[in-house]
Amino acid sequence: MGKINFANLKKTAYYLKRNGIKSTLGALRERLAEGRQPEYRREPLSRETLQLQREQSETGFSQLMFSIVVPAYRTPEPFLREMLESVISQTYPRWELILADASGDDSVKSVALTYEDSRIRYYRLSRNGGIAENTNEGISLAEGDYVVLLDHDDVLTENALYEMASAIEESRKNNIKLQMLYSDEDKCNGDGTKFYEPHFKEKFNLDLLLSNNYICHLLVMKRELIQDLKLRKEYDGAQDFDLVLRAADRLMEDEREVVHIPLVLYHWRCHATSTAENPRSKLYAYEAGRRAVQDFADRHGWRAKATDTEHVGFYCLKYEGNVLDERKDVGALGGRLTAGRKTAGGRMNDRGECIYSGLPVSFSGYMHRAVLQQDAEVLDIRNLELRSSLRDLFREVMGVDYATLPGTEIFDVSKLPEGTDYIEASVRLCKVLRERGYRLLYLPERTRKLS
């Protein structure tokens, strides 16, 4: 990420135009710091592991069928063959590949038919209706239990479907019927010889998703759900993001039905015209993404405006008035704590460890997460605002009344007994709030300095 190349120079020039020299210099310092990190190395699974997966699949540990939907349009033959071969080489064999071809010629068909595999289903579309409509045509033909979305020039790892099937079967044992699954991903260069910029994702996090499409690839969805939702043409360019947001809307009552598989199962190919390589090549996609976020907020009746951040493709919901008045699902708001111009507190995990600890305040962090709105397991009590209806509960848990700092609704920690462990208190309070079904919203722009 810290290497100097033509693509990065283009991104830097565009960032400078959008955000000015001060922000650009800060971003360059962060990129240089990232460049000193160990280089990412993709570690393919061993032949023994892959063979074991094939044997387990043949014994029938799962009978699930996956429908892999690929909208194709004049795909370069090398890319098309790599995509097809990545599917054929899956260690899990129960799949169908639906090629929805809008090329208008035989360029895709002639390649696809060289693979004598009855699981490959080729369909020539009557017209090119755009990415959303073309994909919908393929989705409508799906017969599997789950639909897998795959771009025509990208590549699956050999264990992709095996891992998906394993996760679904494991959840079934706990009486959970998964509706949506996603994995980690990385990028590869045009000829598929180099892999870089891995995206290691979080478990389902609604507000992080409203900040950007961190789910992205590999996306798997229950067939009935995706056939009902479909992709929307008016969000072409961000059609997958819009789909995921509307699916998340359906699944908010039981987020256990959404699962993240922490493995790189998808290689996103980057070439000169791809969005991943050149953000300006599809600015309309980012505009569509912002509209998809706005649509989500409007459906819920939130008085909020979706805005762009400094980083292309990343968004921020700006609420009118207090967030707690708009979001009945949120029990508390938290913010960042700083000392020696570095992050010293804020969002924590359930063990009380600060996730962005030590990060310079001018840095945005891995995948810009440190500057995005997001749900938290634990919010630091030293910069916390609690919903007024929960303040009796606060007294029960903490043993003191909820008192605020002058001119704010932020809790005044000086009211806690002397010697209180703020981290332990934060974990204890937030655990109770989450058990009551409340979301904890971290807003990094709410910054307080530690004295």
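Owing to the predicted nature of the structure, the values given are computational and were not obtained by experimental measurement.
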Quick one: does [X]'s side chain have a donor or acceptor within less than 3.5 Å of a partner on [Y]'s backbone?
| X | Y | result |
| --- | --- | --- |
| Arg232 | Ala132 | no |
| Asn189 | Thr193 | yes |
| Glu445 | Leu372 | no |
| Ser57 | Pro93 | no |
| Thr309 | Phe314 | yes |
| Glu257 | Leu251 | no |
| Glu158 | Thr91 | no |
| Arg223 | Gly144 | yes |
| Asn349 | Glu353 | yes |
| Glu96 | Glu143 | yes |

Steps toward ring-ring contact (aromatic ring centres under 6.0 Å, His included) verdict (Phe61, Tyr162): CA-CA 10 Å; Phe61 82 94; Tyr162 174 88; 5.4 Å; yes
Find the distance between [atom1] ([X]) and [atom2] ([Y]) and round it off to the nearest 0.5 Å.
| X | Y | atom1 | atom2 | result |
| --- | --- | --- | --- | --- |
| Asn134 | Asp101 | CG | CG | 9.0 Å |
| Leu206 | Gln373 | CG | CD | 11.0 Å |
| Thr75 | His152 | OG1 | NE2 | 4.5 Å |
| Thr157 | Arg42 | OG1 | CZ | 8.0 Å |
| Asp207 | Arg327 | CG | CZ | 4.5 Å |
| Trp268 | Asp186 | CH2 | CG | 11.5 Å |

Minimum side-chain heavy-atom gap [X]-[Y] below 4.5 Å:
| X | Y | result |
| --- | --- | --- |
| Glu137 | Tyr123 | no |
| Asp350 | Arg434 | yes |
| Ser183 | Glu163 | no |
| Phe241 | Leu209 | yes |
| Tyr146 | Trp95 | no |
| Leu386 | Tyr438 | no |
| Tyr73 | Ile131 | no |
| Pro262 | Asp184 | yes |

In plain terms, say whether [X] and [Y] are close enough for a salt bridge, that is, a side-chain N and a carboxylate O under 4.0 Å apart.
| X | Y | value |
| --- | --- | --- |
| Arg446 | Glu385 | yes |
| Arg269 | Asp153 | no |
| Glu287 | Arg290 | no |

Please name the pair of heavy atoms, one in [X] and one in [Y], separated by the smallest distance, quoted to 0.1 Å.
| X | Y | value |
| --- | --- | --- |
| Gly313 | Asn212 | O-CB, 3.6 Å |
| Glu255 | Met252 | CG-O, 3.8 Å |
| Cys188 | Tyr196 | C-CE2, 3.9 Å |
| Leu440 | Cys430 | CD1-CB, 3.6 Å |
| Ala285 | Gly237 | CB-O, 3.3 Å |
| Leu243 | Leu149 | CD2-CD1, 4.0 Å |

Check for me whether [X] meets the cation-pi criterion with [Y], that is, NZ or CZ under 6.0 Å from the six-membered ring centre and within 45 degrees of the ring axis.
| X | Y | result |
| --- | --- | --- |
| Arg336 | Tyr356 | no |
| Arg94 | Tyr92 | yes |
| Arg347 | Tyr442 | no |

Describe, in one word, how the ring planes of [X] and [Y] are oriented to each other, choosing from parallel (under 30°), tilted (30 to 60°) and perpendicular (over 60°).
| X | Y | result |
| --- | --- | --- |
| Phe200 | Tyr40 | perpendicular |
| Tyr366 | His199 | perpendicular |
| Tyr182 | His260 | parallel |

Intermediate values then yes/no, side-chain contact (heavy atoms from CB on, under 4.5 Å), Asp228 and Leu225: CA-CA 5 Å; Asp228 184 35; Leu225 177 61; 5.6 Å; no
Side chains of Asp249 and His300, donor plus acceptor under 3.5 Å: yes
Worked check of side-chain contact (heavy atoms from CB on, under 4.5 Å) between Val155 and Phe79: CA-CA 9 Å; Val155 177; Phe79 297 171; over 6 Å; no
Stepwise side-chain contact (heavy atoms from CB on, under 4.5 Å) check, Leu333 with Asn322: CA-CA 10 Å; Leu333 306 175; Asn322 194 302; 4.0 Å; yes
Derivation of the side-chain contact (heavy atoms from CB on, under 4.5 Å) call for Ile176 and Asp254: CA-CA 10 Å; Ile176 300 171; Asp254 191 352; 5.6 Å; no
All salt bridge (Lys or Arg N to Asp or Glu O under 4.0 Å) counterparts of Arg387, not counting sequence neighbours: none
